[in-house]
Amino acid sequence: MKKNRKREDNVLVGKFLKRLRERLGLTQKQLSEKIHIYLMGLSRYERGLNYPFVPILKRLSKALKVSVDEIIFAGSPPGSSNERLKSMF
């Protein structure tokens, strides 16, 4: 059950990353080049197959113009109704 929870959290964060990227009008290729990662890596983050490490989170937050916390909590600030993400910490 915990593994499914983690996967669901990754998918939630991935969808949030994709929404942010699209809002800025960037392609996956453009964003991956901007933050110096492989296109495949960014694709896996957006699909929820992987979760970015802290250095990548920092670069993503800068490029997407949001805080690392916003990415970690998929746009739902701590104290919101998103109990699953809050329980990660």
Side-chain angles (χ1 to χ4, degrees):
M1 177 149 168
K2 189 168 184 160
K3 192 171 189 173
N4 282 341
R5 175 191 254 173
K6 182 179 178 186
R7 170 83 169 120
E8 290 172 11
D9 294 340
N10 286 357
V11 169
L12 191 61
V13 169
K15 287 180 179 181
F16 184 65
L17 290 172
K18 181 178 180 179
R19 191 168 58 240
L20 291 171
R21 175 182 57 77
E22 289 175 341
R23 186 173 57 184
L24 292 173
L26 296 170
T27 65
Q28 283 185 335
K29 184 176 186 209
Q30 290 169 324
L31 180 57
S32 66
E33 289 173 353
K34 189 172 190 169
I35 63 171
H36 308 288
I37 64 170
Y38 290 110
L39 175 61
M40 179 81 60
L42 180 59
S43 173
R44 292 181 66 82
Y45 298 150
E46 287 189 0
R47 291 182 289 144
L49 300 176
N50 288 89
Y51 194 82
F53 291 108
V54 172
I56 304 295
L57 280 171
K58 289 179 180 180
R59 288 186 261 168
L60 280 165
S61 74
K62 185 175 180 181
L64 297 172
K65 300 178 171 118
V66 295
S67 70
V68 171
D69 285 347
E70 286 178 275
I71 294 173
I72 290 170
F73 291 103
S76 300
S80 73
S81 62
N82 195 335
E83 295 299 322
R84 272 193 320 220
L85 284 177
K86 289 191 302 184
S87 70
M88 291 171 51
F89 301 96

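These values consider heavy atoms only, across backbone and side chains, with no hydrogens, waters or symmetry-generated copies.
In the hydrophobic clustering of ILVMFWY residues, with side-chain heavy atoms under 4.5 Å counting as a link, Ile35 and Val68 come out together. Criterion: ILVMFWY side-chain heavy atoms under 4.5 Å apart, direct or through other members. Under it, Phe16 and Leu24 are part of a common hydrophobic cluster.
The only option from Leu57, Val13, Asn50 that meets the side-chain contact (heavy atoms from CB on, under 4.5 Å) definition with Tyr45 turns out to be Asn50.
Residues Leu31 and Leu60 have side chains in contact (heavy-atom distance under 4.5 Å, counting atoms from C-beta outward). Inter-residue side-chain proximity for Leu20 and Glu70 is flagged as unmet; no heavy-atom pair is nearer than 4.5 Å. Contact of the Arg47 side chain with the Val11 side chain is not registered, since no non-hydrogen atoms from C-beta on lie closer than 4.5 Å.
The distance from atom CD of Glu8 to atom CG of Asn10, rounded to the nearest 0.5 Å, is 10.5 Å. Summarising the geometry, atom CG belonging to Leu64 is positioned 8.0 Å from atom NZ belonging to Lys34; distances are rounded to the nearest 0.5 Å. Between atom NZ of residue Lys18 and atom OG of residue Ser43 there is a gap of 9.0 Å, rounded to the nearest 0.5 Å. Atom CZ of residue Arg19 and atom CD of residue Glu46 lie 11.5 Å apart, to the nearest 0.5 angstrom.
Between the side chain of Ser32 and the main chain of Gln28, a donor-acceptor pair closer than 3.5 Å is present.
The two residues Leu26 and Arg21 come nearest to each other via the heavy atoms O-NH1, 2.8 Å. Smallest separation of non-hydrogen atoms from Ser61 and Ser67: CB-C, 3.8 Å.
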